[in-house]
Enquirer: 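Below: one structure in structure tokens.
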Amino acid sequence: MPSKSDDSTRSGIKKLATGEAVIPSSTRPDGSVRKEIRVKPGYKPPEDVEVYKNRTAAAWQSRGKGGVPGAEGLGSSNALNASAAANKNAKRREARKKAAANGDGDEEDDPVENGANGKVQESVPAPVDPEVEMAKEARKLAKKLRQAKDLKSKKEGGDSLLPEQFDKVIKINELVRQLDALGFDTEGEKKAADD
């Protein structure tokens with residue numbers, strides 16, 4: 001292909017001074033010469049057609065490369081300052097290094113660290129109401145009992161059960177016994193105290 005001038009396209013088509021478009025003459029490898037070819041007005045070869053660029057597809061391909069859309073101006077201020085979580089983690093690492101250097105190994109095993117002021121905070125369990133816990137346990141057991149009874153009715157209906165399902169059916173009496181020990185009936189309701 002001959003060298004391209006300013007008025008030639010990627011496909012090699014040149015515009016003449018007269019306004020016509022032509023493919024210039026060229027020499028074949030065997031030495032013969034191709035003649036100049038006139039191009040019809042309005043024809044655009046595939047090489048010259050601009051590829052459609054879908055902005056949504058381009059954004060999808062470049063996802064994760066940039067930050068938050070529309071926040072480019074804020075990036076320069078964030079480049080100097082690390083994120084709050086990174087700062088907090090750095091402070092924790094420094095505190096652990098100091099504690100290790102001082103020989104205080106117990107501080108690493110403390111249960112909860114308060115990130116706001118960096119002090120170690122004791123975990124205080126919430127007061128537990130035994131009746132609430134018993135009611136919660138009774139609901140769990142009643143649900144298991146309901147599921148086991150459903151499986152038992154399926155088995156009696158002729159369906160085959162998986163080994164895990166068969167184990168649930170076997171434990172029906174145990175679930176009833178546990179509910180009775182907690183003071184609840186088979187529906188998970190509290191038994192009357194007049195027994």
Enquirer: Would you confirm whether Ser62, through its side chain, and Ala58, through its main-chain N or O, come within 3.5 Å as a donor-acceptor pair?
Expert: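 Looks like yes, one N/O pair under 3.5 Å.
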
Enquirer: Check the pair Glu133 / Glu137 against side-chain contact (heavy atoms from CB on, under 4.5 Å), numbers first and verdict last.
Expert: CA-CA 6 Å; Glu133 289 299 315; Glu137 186 67 24; over 6 Å; no

Enquirer: Which pair of non-hydrogen atoms, one from Val169 and one from Ala148, has the smallest distance, and what is that distance?
Expert: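 Smallest heavy-atom distance, with atoms named: CG2-O, 3.9 Å.
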
Enquirer: Give a yes or no on whether Arg55 atom CZ has more than 12 heavy-atom contacts from other residues, nucleotides or ligands under 6.0 Å away.
Expert: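 No - once you tally the heavy atoms of other residues, nucleotides and ligands closer than 6.0 Å, there are 12 at most.
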
Enquirer: Hey, are Glu174 and Arg177 close enough for a salt bridge, meaning a charged N less than 4.0 Å from a carboxylate O?
Expert: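 Judged by the 4.0 Å cut-off on N to carboxylate O distance, Glu174 and Arg177 do not form a salt bridge.
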
Enquirer: Please tabulate, for side-chain N and O atoms in residues 34-48, each donor-acceptor pair with protein atoms closer than 3.5 Å (sequence neighbours left out).
Expert:
from: Arg34; atom 1: NH1; to: Ser26; atom 2: OG; distance (Å): 2.9
from: Asp48; atom 1: OD1; to: Arg10; atom 2: N; distance (Å): 3.3
from: Asp48; atom 1: OD1; to: Ser11; atom 2: N; distance (Å): 3.3
from: Asp48; atom 1: OD2; to: Thr9; atom 2: OG1; distance (Å): 2.9
from: Asp48; atom 1: OD2; to: Ser11; atom 2: OG; distance (Å): 3.0

Enquirer: Test question: given the 4.5 Å side-chain rule for I, L, V, M, F, W and Y, name all other residues clustered with Phe166, or answer none.
Expert: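 Besides Phe166, the cluster holds Ile170.
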
Enquirer: Would Glu94 and Lys91 count as a salt bridge (charged side-chain N to carboxylate O under 4.0 Å, His left out) here? Give the steps.
Expert: CA-CA 5 Å; Glu94 289 174 17; Lys91 287 179 184 178; over 6 Å; no

Enquirer: What distance separates Glu164 CD from Leu151 CG, expressed to the nearest 0.5 Å?
Expert: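 CG of Leu151 is found 10.5 Å from CD of Glu164.
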
Enquirer: Does any non-hydrogen side-chain atom of Asp159 lie less than 4.5 Å from one of Lys155?
Expert: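 Side-chain contact under 4.5 Å: no.
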
Enquirer: To check you understand the geometry: which heavy-atom pair defines the closest contact between Ala138 and Leu179, and what is its length?
Expert: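 So the two residues come closest at O-CD2, 3.5 Å.
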
Enquirer: Mind listing the closest non-hydrogen atom pair of Ile172 and Lys152 along with its distance?
Expert: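 Minimum heavy-atom separation between Ile172 and Lys152: CD1-CD, 3.8 Å.
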
Enquirer: With a 3.5 Å distance limit and no angle check, can you tell me whether Gln165 reaches the backbone of Leu162 through a side-chain donor-acceptor pair?
Expert: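 It does hold such a pair.
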
Enquirer: Measure across Leu182 and Met134 and return the closest heavy-atom pair with its distance rounded to 0.1 Å.
Expert: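 That would be O-CE, 3.4 Å.
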
